[in-house]
Structures are given as structure tokens and as C-alpha cells.
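Structure first, commentary second.
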Amino acid sequence: MKTSTFLAAVTALAGTAAAESMARLRELKIDTWARQNEVGAFDVDRYQASAATACVNGKAGEYQCSNVDLKGFLRHQDMGSSTRKGNDIWGWTAPNGREFATVGQTDGTAFVEILSDGSLVYLGRLPTQTTSSSWRDMKVIGNHVYIGSEASNHGLQVFDLTKLLTVSPSSPKVFSITKDLTAIYKGFGSSHNIVAHEETKMIYAVGTATSAGCKGGLFMVNVTNPASPVKAGCLSSGGYVHDAQCVIYKGPDTRYTGREICFNFNEDTLDIVDVTSKTNPKTLSSKTYTGASYTHQGWLVDSSMKYLLLDDELDEYNAAGKASNKKTTTYIVDITSLTAPVFTGTYQSPATSIDHNQYTVNGLSYQANYGSGLRVVDVSSIPRKPDGSAMKQVGFFDCYPEDDSIGGQAEFTGSWSVYPFFKSGYLVLNSIERGVFSLKYTGPAAAN
């Protein structure tokens, strides 16, 4: 059968790093995508190319929306993918101001440019280093992108993005995984996620394979010289880390001013860690919360570093705790004390959907929430109302119309991630099934 063959293939490529809960999450996703494959969700020409379309009366073409215009779209097949299935995304602004997206796919990474009108052009791709995998992650430091994957023995691809500046859109280039790489770091094989801290020129690979010897925790790689990445340390004491944000701390807990602090999302806890010493990292706190099902990802609310947003990938699926109604639930954490964080409240989206990745810019959280797509939430009220009661959705773009008729569902379909940091204001959203969307938020600025 088509489903069983697809399921077996994806399972074989899923990687070896997993705590028990990650193994369950992986199994749920693989099952969902196998069912999608059975009904042709990843078939050639399943989706039509979409032209730029303003959001008018709640629709931009076939997509439900509010205060978000569709500026450009490329299908995965238009970006050279033979598997036609997407995952993560990140962005790069060239020294001359041109804006590019690195688009994750199961069989590699595609490169597209966002033009001044928001339209997208495909420039080429870097194939996977070994085999295909549903999990691929990339981050940018300087002019290099660092790419990891759960594909067996994949390692860390280091690619110089300035190579894109001379590529003509009329002749997209498939880059070589040997000749065109700045480096391939083999200190770990597979990884689930790549965390970058540009200020310290550090890459933190998380969810690495057991053979890497870090128990899936922060595997630290110094990339000061992109051509010669060097292992700097490992944090294994907290076990499997799914994602993290690392900063030079400038918040209210003056004991740690100037230290390098990582906020780790560790499956069932938020762990706050001082990684200033790479050979002797120190866990400052580890905190769980009611309804914890799979602590997935999060981001600081603003530069004051007093509050943090956290999303849980299984609370909606399991109808656990505050997410018993399966509405997308965001948790708010007061991190005034790094050694004693406090969960102060939650925000619930009006949409039924699982959350996945979110990033904050100027008081707005840009959330990629699987089946409900991009959700833009005003989070600027949190300092005065940390219970979340004044948070408000101010825009959205639903890239997965298949579940619209049933009011949404808590499934692993739709959007994977969003990159909202371009100076132009264009947002790039990568979906699992369709491809990459270029979007523009047209709603109000954050209220506070």
C-alpha cells in the first residue's frame, strides 16, 4: 500500500535522537503525513501557483485572512524539491540589502529572493547531505547558513550565502554538497534543531543523536571561523532540548548581566541556563507548568527580557490543561528572576490549531500555528497584564484551507515556521504541503 510504504520510508529517515516523548511526537507526525500522502497531499501539481492578492473581505484567493496580504508564493515543486514537502525556514539580508529566504524541505534547502514588491524568485538549492528527512533546520550567522537534519549522519552544512548574489533567476543552481560548502561539520550526526547566537558566533545543535554523547542537550559549536567549526562544549544534564533562544542577558536579574543565557525548551520544562563557560554551563532553573505535554519553543517578549512566551506542541492535541478546548494556547512566563521563573497566564487563539513556532518583533508575536497558518498577536500588554487577558489577535493568514469547513483541527498539517525579521516588513511562511508564502502584515502596530 502507498501509506505503509511511505510510513516505512519516513520512519527509517527520522533519526535516532529522542526522549520517549519526542519519539511519541515523531510517531504522531509520521502517521499524519502518511495519511496525507495517501490522499495525494504531496503529489505533483496538487496545488496551483498563486498570484499576489490583497486580503479583502476576509479572503486572499482561496485563503482566509485578516490584515495580511499575499505578496508571493512558490510551490515546493517550483523550488526543485522531488519530495514536495516543507519544514523550517529562516532569512538572510545581504550586505547590499537584498533579502533571501532559506526554505527547508525534506530533500534539501531551497534559496529564494524576496523582491521589492514582495514577489519570490527561486535561485537554487542545496541538497541534503545524506538522505531525506522530514526534519531539517537552518539558522544564519553573518553571511553563512548552518543546516542540520535528523537524516542519519547529516552533520552541519555550512554554506556561504553570498554565492546567491551572482545567480540568475533564469538559471537556478543546484549547489554541490562537496565543492560548494564552506564546511561540513561532523562532530554530531543527526540533529533535530539548530539554534544560533550571532553575538557570540555560536551554534547550538539540539536533539542530536545518542552517538554525539550530549544526551540531546545543547551541543555547542564555535563558528567564529565558518570554514573550521569547533566543538566548544556540551550541556547534557537537562536531557533532551527541543529548541532554545540564547542571548547576552540585559534583563532585570542583575546577577547575570552580561552573561550568555539560554532559554531551553526541554519537552516538559523551561530550563534557564548560563552558558558563558562552554565547558562548565550551569542550569539556573527548571520549571514545568499545568498541562505540560510537549514544551516545544518560545521567544522573549521584548528587549527588556522580563517576560517570555512558550508554546506546547501537544497540549492542544491532547486537550490538556488550558488547551482542553484545542484552541492554540500560548503560555506567559515572568523571568524577572532567572532562578525562579513564574508562569503568569495564557493566551488562547480564536482558532483550533496546534502551535509550532513564534517570534516577536516590536510588540507583535508572529506565530506559525500548523493548520491555522500565520497568526499575528499583539503581546505588548503583557508587562501591565501578565495574565494574558489583554493580548489580542490583530491579523492572520490561513495557509491550509482544507480544514476550514470544520472550523480547524488540532493536527500536524499546514504551516511549519515563519521568519518575520526582514527590514522590508515582508514575512516568509513555509508550509508543509504547499510551499513558501511571502506575506505583508497591514494591521495596526502594537498598542503599547
Side-chain angles (χ1 to χ4, degrees), residues 51-52 68-74 78-80 86 88-105 108-127 136-147 156-177 179-184 194-203 223-229 247-248 303 359-362 364 366 374 417-430 435-442:
V68 178
D69 290 340
L70 173 62
K71 307 301 289 187
F73 172 71
L74 288 173
D78 299 328
M79 296 180 285
D88 206 41
I89 192 167
W90 205 248
W92 172 62
T93 301
N96 63 5
R98 291 168 63 185
E99 295 176 341
F100 300 83
T102 60
V103 183
Q105 298 166 328
T109 303
F111 303 116
V112 303
E113 182 171 3
I114 301 92
L115 301 183
S116 59
D117 62 355
S119 61
L120 301 174
V121 292
Y122 169 61
L123 297 177
R125 60 186 292 103
L126 180 68
R136 186 173 310 280
D137 198 78
M138 63 288 300
K139 296 294 184 298
V140 173
I141 294 180
N143 292 328
H144 289 83
V145 62
Y146 298 84
I147 306 168
L156 182 71
Q157 294 174 313
V158 185
F159 179 78
D160 185 350
L161 291 165
T162 63
K163 290 178 179 288
L164 303 178
L165 298 177
T166 57
V167 176
S168 169
S170 62
S171 301
K173 180 174 180 179
V174 177
F175 293 95
S176 167
I177 60 172
K179 296 178 183 178
D180 286 315
L181 287 180
T182 300
I184 177 68
I194 299 298
V195 178
H197 188 192
E198 189 156 10
E199 286 186 79
T200 58
K201 302 296 187 289
M202 289 295 302
I203 289 292
V223 294
T224 300
N225 179 0
S228 183
V247 299
I248 298 299
S303 60
Y359 303 98
T360 58
V361 180
N362 296 329
L364 300 177
Y366 295 88
L374 171 71
S417 195
V418 60
Y419 181 82
F421 300 111
F422 287 128
K423 185 177 180 180
S424 65
Y426 292 122
L427 315 166
V428 282
L429 180 77
N430 198 17
V436 62
F437 296 83
S438 171
L439 307 170
K440 191 67 174 282
Y441 171 64
T442 60

- Task: Take F100 and L165 through the test side-chain contact (heavy atoms from CB on, under 4.5 Å) and record every step on the way to the result.
- Result: CA-CA 10 Å; F100 300 83; L165 298 177; 3.8 Å; yes
- Task: Look only at the side chain of K201 and the backbone of E198, and say whether a donor-acceptor pair between them is shorter than 3.5 Å.
- Result: yes
- How many angstroms lie between atom OG of S424 and atom NZ of K440, to the nearest 0.5 angstrom? 6.0 Å
- L123 versus P172: any side-chain heavy-atom pair under 4.5 Å? no
- Separation between OG1 of T109 and CZ of F111, rounded to the nearest 0.5 Å: 6.0 Å
- Message: So H144 and L161, do their side chains get closer than 4.5 Å, heavy atoms only?
- Response: no
- Item | CG on D88 to OG on S417, rounded to 0.5 Å | 4.5 Å
- Message: Let's go through I248 and T200 carefully: what are the C-alpha distance in whole Å and the side-chain angles of both, what is the deciding distance for side-chain contact (heavy atoms from CB on, under 4.5 Å) to 0.1 Å, and is it a yes or a no?
- Response: CA-CA 8 Å; I248 298 299; T200 58; 3.8 Å; yes
- Would you say the side chain of Y146 lies within less than 4.5 Å of the side chain of I141, judging by non-hydrogen atoms? yes
- In this structure, are over 12 heavy atoms from other groups packed under 6.0 Å from D117 atom CG? yes
- What distance separates Y419 OH from W92 CH2, expressed to the nearest 0.5 Å? 11.5 Å
- Item | Side-chain donor or acceptor of S438 paired with backbone N/O of G118 under 3.5 Å | yes
- Message: What's the separation between atom CD1 in I203 and atom CD1 in I147, rounded to the nearest 0.5 Å?
- Response: 10.5 Å
- Considering all heavy atoms of both residues, which atom of V223 and which atom of P229 are nearest to each other, and what is their separation? CG1-CB, 4.2 Å
- Message: For Q105, is there any backbone N or O sitting under 3.5 Å from a side-chain donor or acceptor partner on R136?
- Response: yes
- Search all heavy atoms of L74 against all heavy atoms of V121 and return the closest pair with its distance. CD1-C, 4.1 Å
- Item | Residue pair F421 / V361, side-chain heavy-atom distance below 4.5 Å | yes
- Query: If every non-hydrogen atom of P127 is compared with every non-hydrogen atom of I177, which pair is closest and at what distance?
  - Reply: O-CG2, 3.4 Å
- Under 4.0 Å between a Lys/Arg side-chain N and an Asp/Glu carboxylate O for D69 and K71? no
- Under the 3.5 angstrom rule, does the side chain of E99 hit a backbone N or O of Y426 as a donor-acceptor pair? no
- Query: Is there side-chain contact between Y366 and L429, with at least one heavy-atom pair below 4.5 Å?
  - Reply: no
- Report yes if some heavy atom in the side chain of K163 is under 4.5 Å from a heavy atom in the side chain of D180; otherwise report no. yes
- Item | Sub-4.5 Å side-chain heavy-atom contact between V158 and I184 | no
- Message: Could you report the tightest heavy-atom contact between M138 and T102, atom names first, then the distance?
- Response: CG-OG1, 3.3 Å
- Query: Would you say N143 and P95 make side-chain contact, with heavy atoms under 4.5 Å?
  - Reply: yes
- Contact summary for V103 and M79, nearest pair of heavy atoms: CG1-CE, 4.1 Å
- Correct closest heavy-atom pair for N430 and G104 would be ND2-O, 3.0 Å
- Output, in order, the C-alpha distance, side-chain angles, deciding distance and verdict of side-chain contact (heavy atoms from CB on, under 4.5 Å) for L126 and V145. CA-CA 11 Å; L126 180 68; V145 62; over 6 Å; no
- Output, in order, the C-alpha distance, side-chain angles, deciding distance and verdict of side-chain contact (heavy atoms from CB on, under 4.5 Å) for L427 and F422. CA-CA 7 Å; L427 315 166; F422 287 128; over 6 Å; no
- Message: Would you say the ring centers of F437 and F73 fall short of 6.0 Å from each other?
- Response: yes
- Item | S119 side, atom OG; E113 side, atom CD - distance, nearest 0.5 Å | 9.0 Å
